[in-house]
Amino acid sequence: MSKELPRLSIVIPCYNEEEVLPVTVPLFRAQLQKMVQNGSIAADSRILFVNDGSKDGTWPLIEDLAARYVDVEGLSLSRNRGHQNALLAGLMEARSAFDITISIDCDGQDDIAVMQDMVDAYHNGNDIVYGVRKDRSSDTWFKRTTAQGYYKFLHAMGAEVVYNHADYRLVSARVLNAFSDFHEVNIYLRGMFPLVGFSSTSVSYDRHERLAGESHYPLKKMLALAFNGITSLSIKPIRIITSLGLFISALSFLLIVWVFISYFTGNSVPGWSSSVLATALLGGIQLLSLGVIGEYVGKIYLETKQRPRFIISERTWEDANV
Ligand code: UDP
Ligand code: MG
(Lines give C-alpha, C1' and ligand atoms only; values in the text may rest on other atoms or scores of the structure.)
(Ligands and ions follow the chains in the order given, each with its own letter.)
Protein backbone atom coordinates (compact mmCIF):
# COMPACT_ATOMS: atom_id res chain seq x y z
CA MET A 1 0.00 0.00 0.00
CA SER A 2 1.45 3.33 -1.00
CA LYS A 3 -0.53 5.47 1.45
CA GLU A 4 0.74 5.47 5.02
CA LEU A 5 -1.46 3.45 7.35
CA PRO A 6 -3.61 5.51 9.75
CA ARG A 7 -2.87 5.47 13.48
CA LEU A 8 -6.03 4.46 15.32
CA SER A 9 -6.98 5.29 18.90
CA ILE A 10 -9.89 3.35 20.39
CA VAL A 11 -11.36 5.69 23.01
CA ILE A 12 -13.26 3.98 25.81
CA PRO A 13 -14.90 5.82 28.75
CA CYS A 14 -15.14 3.80 31.96
CA TYR A 15 -17.03 4.50 35.14
CA ASN A 16 -16.87 1.87 37.89
CA GLU A 17 -16.11 -0.90 35.44
CA GLU A 18 -13.66 -3.12 37.35
CA GLU A 19 -15.93 -6.10 36.73
CA VAL A 20 -16.22 -5.82 32.98
CA LEU A 21 -12.75 -4.54 32.01
CA PRO A 22 -10.91 -7.83 32.57
CA VAL A 23 -13.48 -9.47 30.28
CA THR A 24 -13.47 -6.92 27.47
CA VAL A 25 -9.85 -5.72 27.39
CA PRO A 26 -8.60 -8.95 25.70
CA LEU A 27 -11.38 -8.56 23.12
CA PHE A 28 -10.44 -4.95 22.32
CA ARG A 29 -6.75 -5.84 22.12
CA ALA A 30 -7.38 -8.84 19.88
CA GLN A 31 -9.42 -6.68 17.49
CA LEU A 32 -6.68 -4.02 17.43
CA GLN A 33 -3.98 -6.61 16.70
CA LYS A 34 -6.11 -8.16 13.99
CA MET A 35 -6.48 -4.84 12.20
CA VAL A 36 -2.76 -4.13 12.55
CA GLN A 37 -1.95 -7.53 11.10
CA ASN A 38 -4.26 -7.29 8.11
CA GLY A 39 -2.78 -3.93 7.19
CA SER A 40 -5.80 -1.72 7.99
CA ILE A 41 -4.14 0.44 10.63
CA ALA A 42 -0.64 1.45 11.77
CA ALA A 43 1.26 -0.77 14.17
CA ASP A 44 1.48 1.96 16.80
CA SER A 45 -2.31 2.20 17.19
CA ARG A 46 -3.59 2.31 20.75
CA ILE A 47 -6.51 1.76 23.10
CA LEU A 48 -7.18 4.77 25.34
CA PHE A 49 -9.24 4.18 28.48
CA VAL A 50 -10.74 7.27 30.08
CA ASN A 51 -11.45 6.78 33.75
CA ASP A 52 -14.46 8.98 34.54
CA GLY A 53 -13.78 9.45 38.25
CA SER A 54 -14.55 5.83 39.16
CA LYS A 55 -14.99 5.02 42.83
CA ASP A 56 -13.91 1.39 42.53
CA GLY A 57 -10.62 -0.15 41.34
CA THR A 58 -11.05 0.85 37.68
CA TRP A 59 -8.12 3.30 37.57
CA PRO A 60 -5.51 1.04 39.24
CA LEU A 61 -6.67 -1.65 36.84
CA ILE A 62 -6.14 0.63 33.83
CA GLU A 63 -2.73 1.69 35.16
CA ASP A 64 -1.79 -1.94 35.52
CA LEU A 65 -2.96 -2.76 31.98
CA ALA A 66 -1.04 0.22 30.59
CA ALA A 67 2.12 -0.92 32.35
CA ARG A 68 1.72 -4.42 30.97
CA TYR A 69 0.71 -3.75 27.37
CA VAL A 70 2.21 -1.13 25.06
CA ASP A 71 -1.06 -0.81 23.13
CA VAL A 72 -3.05 0.28 26.20
CA GLU A 73 -3.04 3.82 27.58
CA GLY A 74 -5.08 5.48 30.28
CA LEU A 75 -6.36 8.91 31.14
CA SER A 76 -8.04 9.81 34.40
CA LEU A 77 -10.48 12.67 35.01
CA SER A 78 -10.37 14.53 38.32
CA ARG A 79 -13.97 13.49 39.07
CA ASN A 80 -17.03 11.91 37.52
CA ARG A 81 -18.20 14.14 34.65
CA GLY A 82 -20.52 11.75 32.86
CA HIS A 83 -20.16 9.61 29.77
CA GLN A 84 -20.27 12.44 27.20
CA ASN A 85 -17.59 14.56 28.86
CA ALA A 86 -15.35 11.55 29.49
CA LEU A 87 -15.61 10.59 25.85
CA LEU A 88 -14.88 14.15 24.76
CA ALA A 89 -11.78 14.21 26.98
CA GLY A 90 -10.48 11.05 25.32
CA LEU A 91 -11.20 12.29 21.80
CA MET A 92 -9.57 15.67 22.38
CA GLU A 93 -6.54 13.91 23.82
CA ALA A 94 -6.25 11.53 20.88
CA ARG A 95 -6.74 14.00 18.04
CA SER A 96 -3.22 15.39 17.98
CA ALA A 97 -1.35 12.08 17.84
CA PHE A 98 -3.78 9.83 15.94
CA ASP A 99 -5.32 9.91 12.47
CA ILE A 100 -8.56 8.21 13.45
CA THR A 101 -10.49 7.45 16.63
CA ILE A 102 -13.20 4.92 17.35
CA SER A 103 -15.31 5.55 20.43
CA ILE A 104 -17.03 2.61 22.08
CA ASP A 105 -18.44 1.67 25.50
CA CYS A 106 -16.28 -0.58 27.63
CA ASP A 107 -18.91 -3.22 28.34
CA GLY A 108 -18.75 -5.19 25.09
CA GLN A 109 -22.39 -4.46 24.21
CA ASP A 110 -21.42 -3.04 20.84
CA ASP A 111 -20.06 -5.57 18.37
CA ILE A 112 -16.29 -5.03 18.47
CA ALA A 113 -15.66 -6.77 15.13
CA VAL A 114 -17.51 -3.97 13.32
CA MET A 115 -14.45 -1.75 13.88
CA GLN A 116 -13.03 -3.42 10.80
CA ASP A 117 -15.99 -2.19 8.71
CA MET A 118 -15.54 1.28 10.15
CA VAL A 119 -11.85 1.40 9.25
CA ASP A 120 -12.66 0.06 5.76
CA ALA A 121 -15.22 2.83 5.34
CA TYR A 122 -12.54 5.33 6.37
CA HIS A 123 -10.20 3.95 3.70
CA ASN A 124 -13.06 4.47 1.25
CA GLY A 125 -12.99 8.18 1.95
CA ASN A 126 -15.32 8.71 4.91
CA ASP A 127 -14.34 10.98 7.80
CA ILE A 128 -17.17 9.90 10.10
CA VAL A 129 -18.56 6.38 10.30
CA TYR A 130 -21.64 5.93 12.52
CA GLY A 131 -22.27 2.58 14.16
CA VAL A 132 -25.98 1.92 13.86
CA ARG A 133 -27.83 -0.81 15.75
CA LYS A 134 -29.65 -3.32 13.58
CA ASP A 135 -32.42 -3.93 16.04
CA ARG A 136 -33.10 -3.38 19.70
CA SER A 137 -34.17 -6.87 20.68
CA SER A 138 -31.58 -7.04 23.49
CA ASP A 139 -33.13 -3.98 25.16
CA THR A 140 -36.06 -4.11 27.52
CA TRP A 141 -39.43 -3.32 25.95
CA PHE A 142 -39.48 -0.05 27.88
CA LYS A 143 -36.06 1.14 26.71
CA ARG A 144 -36.81 0.13 23.13
CA THR A 145 -40.11 1.99 22.89
CA THR A 146 -38.94 5.10 24.69
CA ALA A 147 -35.76 5.24 22.58
CA GLN A 148 -37.65 4.95 19.31
CA GLY A 149 -40.22 7.53 20.35
CA TYR A 150 -37.39 9.80 21.36
CA TYR A 151 -35.65 9.64 17.97
CA LYS A 152 -38.91 10.53 16.27
CA PHE A 153 -39.43 13.42 18.67
CA LEU A 154 -35.88 14.69 18.11
CA HIS A 155 -36.48 14.71 14.39
CA ALA A 156 -39.76 16.56 14.80
CA MET A 157 -37.84 19.12 16.87
CA GLY A 158 -35.50 19.69 13.97
CA ALA A 159 -32.40 17.99 15.39
CA GLU A 160 -30.30 16.01 12.95
CA VAL A 161 -29.56 12.68 14.55
CA VAL A 162 -28.66 9.33 13.06
CA TYR A 163 -31.40 6.84 13.88
CA ASN A 164 -30.32 4.14 16.37
CA HIS A 165 -26.80 5.49 16.61
CA ALA A 166 -25.35 5.93 20.08
CA ASP A 167 -21.68 6.68 20.65
CA TYR A 168 -20.03 3.89 18.68
CA ARG A 169 -18.37 5.72 15.80
CA LEU A 170 -15.19 6.37 13.88
CA VAL A 171 -14.10 10.00 13.61
CA SER A 172 -11.02 11.28 11.80
CA ALA A 173 -8.57 13.76 13.32
CA ARG A 174 -9.63 16.36 10.79
CA VAL A 175 -13.22 16.20 12.06
CA LEU A 176 -12.01 16.33 15.66
CA ASN A 177 -9.88 19.39 14.93
CA ALA A 178 -12.93 21.13 13.53
CA PHE A 179 -14.96 19.86 16.46
CA SER A 180 -12.55 21.38 18.96
CA ASP A 181 -14.01 24.75 17.98
CA PHE A 182 -17.36 23.71 19.45
CA HIS A 183 -16.95 25.16 22.92
CA GLU A 184 -20.36 24.48 24.44
CA VAL A 185 -20.60 22.78 27.81
CA ASN A 186 -23.96 21.11 27.13
CA ILE A 187 -22.76 18.40 24.86
CA TYR A 188 -24.63 15.68 23.02
CA LEU A 189 -21.94 14.20 20.83
CA ARG A 190 -24.09 11.99 18.62
CA GLY A 191 -26.13 15.01 17.57
CA MET A 192 -23.15 17.34 17.21
CA PHE A 193 -20.92 15.37 14.86
CA PRO A 194 -23.43 15.62 11.99
CA LEU A 195 -23.11 19.41 12.39
CA VAL A 196 -19.38 19.30 11.65
CA GLY A 197 -19.98 17.96 8.16
CA PHE A 198 -17.40 16.09 6.03
CA SER A 199 -18.29 12.85 4.31
CA SER A 200 -19.95 10.26 6.51
CA THR A 201 -21.55 6.86 6.29
CA SER A 202 -22.86 4.24 8.67
CA VAL A 203 -22.30 0.57 9.36
CA SER A 204 -24.82 -1.61 11.16
CA TYR A 205 -24.21 -4.03 13.99
CA ASP A 206 -25.98 -6.14 16.60
CA ARG A 207 -25.98 -4.97 20.16
CA HIS A 208 -25.57 -7.57 22.88
CA GLU A 209 -26.16 -7.72 26.59
CA ARG A 210 -23.49 -6.27 28.85
CA LEU A 211 -20.70 -8.85 29.36
CA ALA A 212 -20.46 -8.06 33.09
CA GLY A 213 -21.32 -5.36 35.62
CA GLU A 214 -24.36 -3.12 35.54
CA SER A 215 -25.64 -0.24 33.44
CA HIS A 216 -24.84 3.26 34.70
CA TYR A 217 -27.69 4.76 32.81
CA PRO A 218 -30.65 4.62 35.16
CA LEU A 219 -33.89 6.27 34.02
CA LYS A 220 -32.89 9.59 35.58
CA LYS A 221 -29.60 9.83 33.65
CA MET A 222 -31.31 8.62 30.47
CA LEU A 223 -33.96 11.34 30.76
CA ALA A 224 -31.27 13.96 31.41
CA LEU A 225 -29.35 12.88 28.30
CA ALA A 226 -32.55 12.81 26.24
CA PHE A 227 -33.54 16.29 27.41
CA ASN A 228 -30.05 17.62 26.80
CA GLY A 229 -30.22 16.19 23.30
CA ILE A 230 -33.26 18.26 22.48
CA THR A 231 -32.30 21.50 24.16
CA SER A 232 -28.71 21.53 22.99
CA LEU A 233 -29.62 20.91 19.37
CA SER A 234 -32.87 22.76 18.83
CA ILE A 235 -34.81 25.87 19.88
CA LYS A 236 -37.99 24.55 18.34
CA PRO A 237 -39.69 23.95 21.72
CA ILE A 238 -39.52 27.71 22.37
CA ARG A 239 -41.00 28.38 18.94
CA ILE A 240 -43.82 25.94 19.67
CA ILE A 241 -44.58 27.85 22.86
CA THR A 242 -44.70 31.08 20.89
CA SER A 243 -47.09 29.55 18.39
CA LEU A 244 -49.21 28.15 21.19
CA GLY A 245 -49.29 31.59 22.80
CA LEU A 246 -50.40 33.16 19.54
CA PHE A 247 -53.08 30.54 19.02
CA ILE A 248 -54.45 30.95 22.53
CA SER A 249 -54.37 34.75 22.20
CA ALA A 250 -56.39 34.52 18.99
CA LEU A 251 -58.83 32.20 20.71
CA SER A 252 -59.15 34.61 23.64
CA PHE A 253 -59.88 37.45 21.25
CA LEU A 254 -62.78 35.47 19.77
CA LEU A 255 -63.88 34.72 23.33
CA ILE A 256 -63.94 38.44 24.16
CA VAL A 257 -66.11 39.13 21.12
CA TRP A 258 -68.42 36.35 22.16
CA VAL A 259 -68.58 37.65 25.74
CA PHE A 260 -69.49 41.13 24.51
CA ILE A 261 -72.20 39.81 22.21
CA SER A 262 -73.62 37.68 25.03
CA TYR A 263 -73.55 40.67 27.37
CA PHE A 264 -75.36 43.00 25.01
CA THR A 265 -77.92 40.43 23.96
CA GLY A 266 -78.60 39.76 27.62
CA ASN A 267 -77.55 36.13 27.56
CA SER A 268 -74.73 36.38 30.08
CA VAL A 269 -75.02 33.77 32.82
CA PRO A 270 -72.53 33.61 35.70
CA GLY A 271 -70.29 30.90 34.20
CA TRP A 272 -68.37 29.24 36.95
CA SER A 273 -67.29 26.13 35.05
CA SER A 274 -66.01 27.92 31.98
CA SER A 275 -63.88 30.35 33.99
CA VAL A 276 -62.39 27.62 36.14
CA LEU A 277 -61.66 25.59 33.04
CA ALA A 278 -59.97 28.49 31.29
CA THR A 279 -57.89 29.37 34.34
CA ALA A 280 -56.72 25.82 34.86
CA LEU A 281 -55.85 25.33 31.23
CA LEU A 282 -53.99 28.60 30.93
CA GLY A 283 -52.24 28.06 34.26
CA GLY A 284 -50.98 24.69 33.08
CA ILE A 285 -49.78 25.96 29.75
CA GLN A 286 -48.08 28.94 31.35
CA LEU A 287 -46.22 26.81 33.86
CA LEU A 288 -45.12 24.38 31.21
CA SER A 289 -43.95 27.20 28.98
CA LEU A 290 -42.06 28.82 31.82
CA GLY A 291 -40.41 25.49 32.53
CA VAL A 292 -39.26 25.02 28.95
CA ILE A 293 -38.00 28.58 28.67
CA GLY A 294 -36.34 28.23 32.07
CA GLU A 295 -34.53 25.16 30.80
CA TYR A 296 -32.97 27.21 28.02
CA VAL A 297 -32.15 30.07 30.37
CA GLY A 298 -30.42 27.53 32.59
CA LYS A 299 -28.43 26.31 29.62
CA ILE A 300 -27.40 29.88 28.78
CA TYR A 301 -26.32 30.33 32.40
CA LEU A 302 -24.12 27.24 32.20
CA GLU A 303 -22.68 28.26 28.84
CA THR A 304 -21.77 31.79 29.90
CA LYS A 305 -19.69 30.50 32.80
CA GLN A 306 -17.50 28.61 30.35
CA ARG A 307 -16.26 26.20 32.93
CA PRO A 308 -13.94 23.44 31.70
CA ARG A 309 -15.85 20.39 30.54
CA PHE A 310 -13.38 18.02 32.14
CA ILE A 311 -10.15 18.19 34.10
CA ILE A 312 -7.48 15.58 33.52
CA SER A 313 -5.71 14.41 36.65
CA GLU A 314 -3.47 11.62 35.36
CA ARG A 315 -2.09 10.04 32.21
CA THR A 316 -0.41 6.64 32.14
CA TRP A 317 2.13 7.71 29.53
CA GLU A 318 3.43 10.56 31.68
CA ASP A 319 4.34 7.99 34.34
CA ALA A 320 6.02 5.89 31.70
CA ASN A 321 8.44 8.68 30.85
CA VAL A 322 9.66 9.27 34.41
N1 UDP B 1 -19.87 5.90 31.67
C2 UDP B 1 -19.01 6.96 31.99
N3 UDP B 1 -19.42 7.87 32.95
C4 UDP B 1 -20.64 7.78 33.57
C5 UDP B 1 -21.52 6.72 33.19
C6 UDP B 1 -21.10 5.80 32.23
O7 UDP B 1 -17.91 7.07 31.47
O8 UDP B 1 -20.94 8.63 34.41
C9 UDP B 1 -19.43 4.91 30.65
C10 UDP B 1 -19.55 3.46 31.06
O11 UDP B 1 -18.41 3.01 31.75
C12 UDP B 1 -19.70 2.76 29.71
C13 UDP B 1 -20.46 3.78 28.90
O14 UDP B 1 -20.29 5.04 29.53
O15 UDP B 1 -18.46 2.51 29.08
C16 UDP B 1 -21.95 3.45 28.76
O17 UDP B 1 -22.49 3.21 30.01
P18 UDP B 1 -23.46 1.99 30.34
O19 UDP B 1 -22.97 0.75 29.65
O20 UDP B 1 -23.59 1.92 31.81
O21 UDP B 1 -24.81 2.49 29.68
P22 UDP B 1 -25.89 1.66 28.80
O23 UDP B 1 -25.11 0.86 27.80
O24 UDP B 1 -26.63 0.81 29.76
O25 UDP B 1 -26.73 2.72 28.17
MG1 MG C 1 -23.66 -0.43 28.18
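All ligand and atom numbering here is 1-based and tracks the order in the structure. These figures come from a predicted structure and were not determined experimentally.
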Around [atom], find the nearest protein heavy atom and jot down its residue, atom name and distance.
atom: atom 11 (O) of ligand 1; answer: Glu17 OE2, 2.6 Å
atom: atom 1 (N) of ligand 1; answer: Tyr15 CB, 3.8 Å
atom: atom 18 (P) of ligand 1; answer: Arg210 NH2, 3.4 Å
atom: atom 25 (O) of ligand 1; answer: Lys143 NZ, 3.4 Å
atom: atom 4 (C) of ligand 1; answer: Asp52 OD2, 3.4 Å
atom: atom 19 (O) of ligand 1; answer: Asp107 OD2, 2.6 Å
atom: atom 20 (O) of ligand 1; answer: His216 N, 2.5 Å
atom: atom 22 (P) of ligand 1; answer: Ser215 OG, 3.7 Å

Is it true that Lys221 lies under 4.0 Å from ligand 1, counting heavy atoms only?
-> yes
Determine, using heavy atoms of Arg207 and all atoms of ligand 1, whether some pair is separated by less than 4.0 Å.
-> yes
Under 3.5 Å, side chain of [X] to main-chain N/O of [Y], donor-acceptor pair present?
X: His83; Y: Pro13; value: no
X: His208; Y: Gln109; value: no
X: Glu73; Y: Ala66; value: no

Approximate separation, where rounding is to 0.5 Å, of [X] [atom1] and [Y] [atom2]:
X: Glu184; Y: Gln306; atom1: CD; atom2: CD; value: 11.0 Å
X: Ile10; Y: Ile41; atom1: CD1; atom2: CD1; value: 6.5 Å
X: Phe310; Y: Asn80; atom1: CZ; atom2: CG; value: 14.5 Å

Counting only heavy atoms, which portion of Asn80 has something under 4.0 Å from ligand 1: side chain, backbone, both, or neither?
-> side chain
Measure from the Mg ion (ligand 2) to every N/O/S atom of Asp107 and report the name of the nearest one.
-> OD2
Under 4.0 Å from a heavy atom of [X]: give me the atoms of ligand 1 that qualify, with their elements.
X: Pro13; result: 7 (O), 9 (C), 10 (C), 11 (O), 12 (C), 15 (O)
X: Cys106; result: 11 (O), 15 (O)
X: His83; result: 1 (N), 2 (C), 3 (N), 4 (C), 7 (O), 8 (O), 13 (C), 14 (O)

How about Phe193 and Tyr130: are their ring centroids closer than 6.0 Å?
-> no
May I ask you to check whether Phe153 and Tyr150 place their ring centers less than 6.0 Å from one another?
-> no
Set of residues satisfying salt bridge (charged side-chain N to carboxylate O under 4.0 Å, His left out) with respect to Asp127, sequence neighbours excluded | Arg174
Within 45° of the ring axis of Phe98 and under 6.0 Å from its six-membered ring centre, is that where the NZ or CZ of Arg7 lies?
-> yes
